[in-house]
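Heads up: the structure comes next, in structure tokens.
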Amino acid sequence: MLRIPCPHCGERDYTEFRYGGDASKTRPAHDERDVRAWHDHVFVFTNPRGPHREYWQHVQGCRQWLILERDTATNAVGTARLARDGTPA
Amino acid sequence: MTERYSALALARHALTGARWPRAWRRADPKPHYDVVIIGGGGHGLATAYYLAKNHRVTRVAVLERAVIGSGNVGRNTTLVRSNYLLDGNTQFFEHSLRLWEGLSHELNFNVMLSQRGQIVLAHGPSQLDVLARKGNVMRLNGIDAELLDRGEVERLLPYLDFSERARFPIHGGLLQRRAGTVRHDAVAWGYARAASELGVDIIEHCEVTGFLREGDRVIGVETSRGRIGADRTAISVAGHTSQVAALAGLRVPVESHLLQAFVTEPIKPFVDHVISFGAELFYISQSDKGGLVFGGHIDGFNSYTQRGQFPKVQTVAECAVALIPSISRLRLLRHWAGIQDMTPDGSPFIGRTPLRDLYLNGGWCYQGFKATPAAGWCFAHTIAHAEAHPLIEHFSLERFLDGNGYDEYGLGNWTYRQ
């Protein structure tokens with residue numbers, strides 16, 4: 001069972017969370033007119049085998065969006081922090 | 001020269017005790033090929049076979065990182081069918097089913113096609129209307145389809161939950177009699193043997209580590225067994241499409257997710273058909289050994305672990321019992337997970353890539369196994385003629401750019417966002 005360390009609620013089963021996908025993507029600027037930039041943002045995935053930074057929402061807990069570090073090759077979970085605090089470089 | 005398999009050959013070997021020759025030739029890499037196919041799974045081997053058979057391209061190598069057939073071709077639930085709704089899918093999967101029907105003779109290898117019929121269940125009147133529409137589309141395309149009412153389903157499948165207390169009452173179903181199951185390992189072995197016979201080099205334990213480039217043209221691959229030049233290079237590595245494409249500097253609309261499958265302890269013949277639940281994604285059949293084989297949805301987040309999460313085991317078991325209450329005390333013998341390419345619209349990519357002479361076949365979501373013969377057939381055509389086969393034009397890598405997403409079921413990797 002994948003267990004996610006929620007900063008508010010402690011370590012919980014992943015079934016309490018909703019998965020939100022890759023958190024390392026940057027949304028194009030709102031006035032971006034290049035279709036390919038939007039295409040790449042919406043449809044294309046880096047899909048790494050290894051470290052992955054991703055969104056999870058604790059829907060059955062504090063309802064906060066988190067950013068979790070997880071290794072997709074092993075499912076080993078690293079730290080989780082609040083998404084609203086922003087993504088460090 | 002491979003020995004032809006027949007009843008006579010079987011009798012001869014039984015009487016003389018002569019050893020059977022190796023089914024296919026173990027090859028070492030040559031410096032250059034007309035076509036190099038990366039990935040020795042069902043699709044890669046089928047592509048090699050049809051390149052040699054249909055297009056007389058015989059200087060072909062299939063490179064496999066591990067051993068052939070060790071990926072998803074041996075990890076699926078072995079179902080074949082052609083009950084698709086969207087124009088394009090209907091014809092493509094029917095082409096595949098027709099190839100399945102002749103495959104044992106074509107390859108001189110028994111792939112044990114069992115056309116036991118598949119029934120998709122409807123649990124409400126509107127769902128039955130949807131199935132009626134799909135059945136009509138199939139029949140207009142010359143594909144067999146029969147709409148069943150509740151009584152007809154009960155006559156065929158009396159062991160389903162037809163009680164007053166059924167969580168999902170059964171209103172009817174859509175039967176495709178020509179659908180069924182195939183012995184999946186035999187598909188890899190059969191295509192490998194037949195391709196090898198036509199001169200294709202199958203090279204195991206040969207991992208691709210990079211692409212040789214000349215400007216925007218791919219001229220071969222760098223492998224763990226040295227450089228191999230190629231006029232054309234084809235990627236057929238579903239599950240790891242992103243990794244291999246990244247070696248060529250490409251990013252693709254694919255995420256790798258886990259799909260689990262399950263087998264119970266063997267029981268006497270009981271489930272005579274393939275049954276698809278209509279209330280959840282769940283499908284069940286019985287193997288020749290007697291085990292009930294079933295599967296469900298992807299786990300829901302991208303992973304390469306090949307180990308499924310336990311809550312999905314519970315969900316799938318709940319589906320099984322909601323559908324067939326009498327199997328509630330069967331024990332699960334095994335469950336396993338395959339790494340599956342998931343695409344945003346749930347449809348695959350076959351065709352050219354932005355790089356010249358590099359071709360891609362991947363993103364098969366839930367449908368890779370049943371598509372094996374047609375995917376190989378069409379991919380071989382695409383490689384040989386440097387343009388997409390008409391049956392796969394709608395599976396282009398660039399389709400989202402033009403707003404032409406091709407969504408049959410809504411089963412892409414975005415289920416987690418619904």
Side-chain angles (χ1 to χ4, degrees), chain A residues 1-6 11-28 32-61 65-78 80 83, chain B residues 237-247 249-258 298-315 337 339-345 347 349 354 362-363 397-407 412-418:
Chain A
M1 174 78 84
L2 188 71
R3 301 266 288 170
I4 296 175
C6 174
E11 191 182 86
R12 298 297 183 93
D13 289 354
Y14 85 97
T15 48
E16 290 187 10
F17 297 78
R18 170 195 298 163
Y19 185 52
D22 190 347
S24 60
K25 285 182 169 184
T26 313
R27 193 176 193 275
E32 175 62 63
R33 281 154 184 259
D34 180 9
V35 174
R36 190 169 280 278
W38 286 106
H39 168 269
D40 289 357
H41 177 66
V42 176
F43 293 109
V44 176
F45 306 90
T46 307
N47 191 23
R49 184 189 176 102
H52 192 237
R53 182 183 293 165
E54 60 203 21
Y55 289 117
W56 290 84
Q57 187 191 11
H58 198 180
V59 285
Q60 291 176 29
W65 279 97
L66 313 177
I67 293 176
L68 175 73
E69 311 277 344
R70 178 177 62 95
D71 191 310
T72 61
T74 61
N75 278 353
V77 163
Chain B
V237 295
H240 289 82
T241 301
S242 298
Q243 274 68 47
V244 177
L247 296 175
L250 297 177
R251 289 174 81 231
V252 289
V254 165
E255 236 180 15
S256 298
H257 286 249
L258 297 183
I298 51 175
D299 276 10
F301 55 88
N302 50 327
S303 176
Y304 291 87
T305 54
Q306 287 191 327
R307 283 195 306 275
Q309 294 289 322
F310 194 72
K312 191 56 72 179
V313 180
Q314 186 177 351
T315 307
I339 307 171
Q340 180 169 261
D341 280 5
M342 293 300 293
T343 64
D345 58 357
S347 294
F349 304 106
L397 193 57
E398 302 271 278
R399 62 177 178 264
F400 299 113
L401 207 54
D402 312 320
N404 288 329
Y406 191 80
D407 198 335
N413 57 339
W414 288 347
T415 44
Y416 58 76
R417 288 187 192 165
Q418 288 170 359

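So that the names make sense, note that chain A is the first sequence line, chain B the second, and so on, each numbered from 1. Note: hydrogens, waters and symmetry copies are ignored here, and every other heavy atom, side chains too, is used.
Taking every heavy atom of both residues into account, A:Arg49 and B:Gln243 meet most closely at N-NE2, 3.2 Å. The heavy-atom pair separating A:Phe45 from B:Pro253 by the smallest distance is CD1-C, 3.9 Å.
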Exercise. Please test B:Phe301 against A:Leu2 for side chain to side chain contact (heavy atoms under 4.5 Å, CB included), starting from the C-alpha separation and ending with a verdict.
Key: CA-CA 11 Å; B:Phe301 55 88; A:Leu2 188 71; 3.6 Å; yes
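Ring geometry for B:Phe400 against A:Phe43 counts as parallel: the plane angle stays under 30°, on a 0 to 90° scale with 60° as the upper cut.
If you take CG on B:Asn302 and CZ on A:Arg70, they are separated by 5.0 Å, rounding to the nearest 0.5 Å. Interatomic distance, OG1 of A:Thr72 versus CD1 of B:Ile339, reported as 9.0 Å (0.5 Å rounding).
Taking B:Phe349 as the reference, nothing meets the ring-ring contact (aromatic ring centres under 6.0 Å, His included) condition, with sequence neighbours excluded.
Neither the backbone nor the side chain of A:Gln57 comes within contact range of chain B; no heavy atom of the residue lies under 4.5 Å from a heavy atom of that chain. Looking at A:Trp56, the atoms closer than 4.5 Å to chain B (heavy atoms on both sides) all sit in the side chain, from C-beta outward. Residue contact with chain A, scored on non-hydrogen atoms closer than 4.5 Å, involves the backbone and the side chain of B:Val254 alike.
Each of A:Val35, A:Thr46, A:Thr15 has some count of heavy-atom pairs under 4.5 Å with chain B, and the biggest count is that of A:Thr46. Of the listed residues (A:Asp40, A:Val44, A:Thr74, A:Asp13), the one with the most heavy-atom contacts under 4.5 Å to chain B is A:Val44.
Side chain to side chain, B:Ser303 and A:Asn75 meet the donor-acceptor criterion of an N or O pair below 3.5 Å.
Heavy-atom neighbours of chain A within the stretch residues 306-314 of chain B, taken at a separation under 4.5 angstrom, comprise B:Arg307, B:Gln309, B:Pro311.
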